[in-house]
Amino acid sequence: MNTYHQIWSLTSQEVYKNLITTPQGLSESEANLRIKQYGYNELPEPQTRPLILRFIDQLTHFMALLLWVAGTLAFISQTPELGWAIWAVIWINAIFSFWQEFQAEKALSALKQVLPNQVKVYRDSTLCTIPARELVPGDVIQLEEGDKISADARLVESQSLYVDVSILTGESLPVPRFSEPVATENLRALDAYNLVFAGSTVASGRGLAVVDATGTHTEFGQVAHLTANVKREPSTLEVQITRVVHIITVIAISMGVVVFLLTNFLVGMGIKESFIFAIGIIVAFVPEGLLPTVSLALAIGVKRMAKENALVRRLSAVETLSATTVICTDKTGTLTKNEMTVRKLWIPGAEINVTGVGYEPKGEVEITNFECESQVRLLLAGAALCSNARLNHPPGSSQWQVLGDPTEAALLVVAIKAGFKLEELQHQAPRYREKYRLILTDG
């Protein structure tokens with residue numbers, strides 16, 4: 001296959017030839033061979049520290065080190081009970097904090113597997129839905145409004161296609177994309193109007209594209225590679241606790257020195273007795289309960305958020321999250337089911353109810369005024385014929401599979417509820433051309 005930067009200057013037929021594919025897509029066997037050759041379409045997981053080192057981190061942060069020193073001094077001052085108690089606090093807190101964060105990591109890993117990113121692709125001449133990680137160069141993918149693009153690809157067909165590429169360029173407005181070749185040879189990939197990129201989203205329209213780069217070879221993969229070595233900054237709470245611990249350490253040592261000098265030179269104690277007494281003062285200034293108190297308070301917040309189905313990876317992040325006033329999230333597929341349902345139809349002089357919820361074509365269009373029945377059926381037939389979505393019912397499955405925009409799928413479902421057979425309807429009125437009209441007005 002030729003290199004990526006030449007793909008925008010080719011015609012559609014040359015694109016298929018260049019990527020050794022066809023408009024009908026790859027076969028399953030060929031796709032499997034290319035997965036072995038190019039790997040899965042995913043970015044490598046960031047390197048994580050081994051569990052033993054992450055546990056040791058809980059025993060060696062600044063507050064824990066202060067308590068280790070305080071426990072040692074307690075033994076020196078001949079109060080072993082206090083020393084064992086302080087060291088027990090360190091171990092209990094470390095085990096508790098490590099377990100909380102380990103559980104959160106496991107839950108997040110399980111969540112990634114439950115909600116995989118899906119993509120519509122032609123395999124063996126059939127449009128199907130597969131996990132995005134199984135895309136390979138040469139795959140022919142279908143793009144529709146709302147779709148997240150999972151690989152870099154060259155457009156071969158487009159209909160009023162606009163794509164949100166803000167994740168790569170920072171440009172807030174969607175940009176138009178066309179399938180015609182670009183004559184300019186020396187051009188940045190991001191400036192080629194016939195390319196779409198992994199991580200971007202289809203804002204409107206639809207298109208057909210041939211995958212050219214996957215995984216780390218995509219533009220998004222290059223950006224991810226640059227950010228792979230960015231270190232995690234300490235949270236606000238961690239910074240504040242570190243500052244408090246520094247202040248406590250300075251005060252405790254200062255008071256120990258003052259007490260040693262006073263007892264030795266003014267009271268007349270021996271050096272050994274003054275030293276032990278000073279150590280006792282230093283240990284007394286160390287707040288042994290601060291560490292478990294903070295950890296328990298944060299853990300309570302984590303538990304409360306878990307009951308509301310919110311996972312927190314690190315305990316220290318809870319304090320930062322508590323100061324958050326606005327959260328922006330993608331609701332589709334996480335907060336909602338991404339299913340649309342037609343509940344009412346309106347034509348001049350009549351309003352028609354539709355029963356049934358979701359994509360399961362159970363229910364009916366309740367037409368009580370039979371004088372408008374022909375108008376309702378004409379409306380539903382037109383809606384079904386103008387829909388680009390598809391409804392599939394895989395054998396042995398109780399769930400209907402939707403390919404395409406959820407709103408257009410809802411139009412197909414309501415047509416089925418009215419008694420239409422989609423295949424017969426499309427055979428009677430085949431689509432010859434698709435036309436979009438753009439109206440521009442002053443102001």
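Given the structure is predicted, the values throughout are model-derived calculations rather than measurements.
Side chain of Thr249 to backbone of Val245: a donor-acceptor contact under 3.5 angstrom is found. Asn353 contributes no side-chain N or O that, together with a main-chain N or O of Val365, makes up a donor-acceptor pair within less than 3.5 Å. The backbone N or O of Glu180 lies less than 3.5 Å from a partner atom in the side chain of Asn194, making a donor-acceptor pair. Counting only distance, with no hydrogens or angles, the side chain of Ser27 and the backbone of Glu30 share a donor-acceptor pair below 3.5 Å. Glu14 places a side-chain N or O within donor-acceptor distance of the main-chain N or O of Thr11, the cut-off being under 3.5 Å.
Within the structure, salt bridge (Lys or Arg N to Asp or Glu O under 4.0 Å) pairs that include any residue of residues 416-427 do not occur (at least two apart or interchain).
Within the 4.5 Å cutoff, the side chain of Leu51 has heavy atoms near those of the Arg54 side chain. The closest side-chain heavy-atom distance from Glu366 to Glu364 is below 4.5 Å. Side chains of Ser9 and Pro181 form no contact here, defined as non-hydrogen atoms less than 4.5 Å apart. Val202 places a side-chain heavy atom less than 4.5 Å from the side chain of Ile149. Looking at heavy atoms from C-beta onward, Thr214 lies in side-chain contact with Pro137 at the 4.5 angstrom threshold. In this structure, Lys120 and Leu127 have side chains that are in contact, with non-hydrogen atoms separated by less than 4.5 Å. With contacts defined as side-chain heavy-atom distances shorter than 4.5 Å, the pair Phe220/Asp152 does not qualify. You'll find the side chain of Val140 stays beyond 4.5 Å of the side chain of Thr22, heavy atoms only.
With rounding to the nearest 0.5 angstrom, the CG atom of Leu53 is 12.5 Å from the CD atom of Gln58. The line from OG of Ser97 to CG of Leu59 is 10.0 Å long, rounded to the nearest 0.5 Å. Note that CD of Glu219 is 5.5 Å distant from CZ of Phe197, once rounded to the nearest 0.5 Å. Atoms CZ and CG, on Arg123 and Leu26 in that order, are 6.5 Å from each other to the nearest 0.5 Å. Here CZ of Arg154 is found 10.0 Å from CG of Asp212. Values are rounded to the nearest 0.5 Å.
The aromatic rings of Phe55 and Phe98 lie perpendicular to each other, with more than 60° between the two planes, well past the 30° mark.
Counting all heavy atoms, side chain and backbone alike, Trp8 lies closest to Ala192 at CB-CB, 3.9 Å. Closest heavy-atom contact between Ala415 and Leu422: CB-CD2, 4.4 Å. Shortest non-hydrogen contact noted between Ala209 and Leu143 is CB-CD1, 4.3 Å. Heavy atoms only, all atoms of each residue included: Tyr16 and Val156 are closest at OH-CG2, 3.4 Å. Heavy atoms only, all atoms of each residue included: Ile90 and Trp68 are closest at CD1-N, 3.5 Å. The two residues Thr60 and Ala64 make their nearest non-hydrogen contact at N-CB, 4.2 Å.
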Exercise. Could you please spell out the steps behind the side-chain contact (heavy atoms from CB on, under 4.5 Å) verdict for Ile141 and Val211?
Key: CA-CA 7 Å; Ile141 57 175; Val211 174; 3.9 Å; yes

Quiz prompt | Step-by-step side-chain contact (heavy atoms from CB on, under 4.5 Å) determination, Val119 to Leu135 | solution = CA-CA 8 Å; Val119 63; Leu135 279 179; 3.9 Å; yes

Quiz item: Please walk me through it: do Val354 and Lys344 pass side-chain contact (heavy atoms from CB on, under 4.5 Å)?
Solution: CA-CA 6 Å; Val354 180; Lys344 290 182 181 294; over 6 Å; no

Exercise. Apply side-chain contact (heavy atoms from CB on, under 4.5 Å) to the pair Tyr122 and Asp139, showing each step before the final yes or no.
Key: CA-CA 7 Å; Tyr122 283 93; Asp139 265 328; over 6 Å; no

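Here the rule is side chain to side chain contact (heavy atoms under 4.5 Å, CB included) with Val136, and of Val121, Ile35, Thr21 only Ile35 fits it.
Residues Gln142 and Glu144 bring a donor and an acceptor atom of their side chains to less than 3.5 Å of each other. Side chains of Ser166 and Asp164: a donor on one and an acceptor on the other come within 3.5 Å.
A cation-pi arrangement is absent between Arg177 and Tyr193, since the terminal nitrogen or guanidinium carbon is not both under 6.0 Å from the aromatic centre and inside a 45° cone about the axis.
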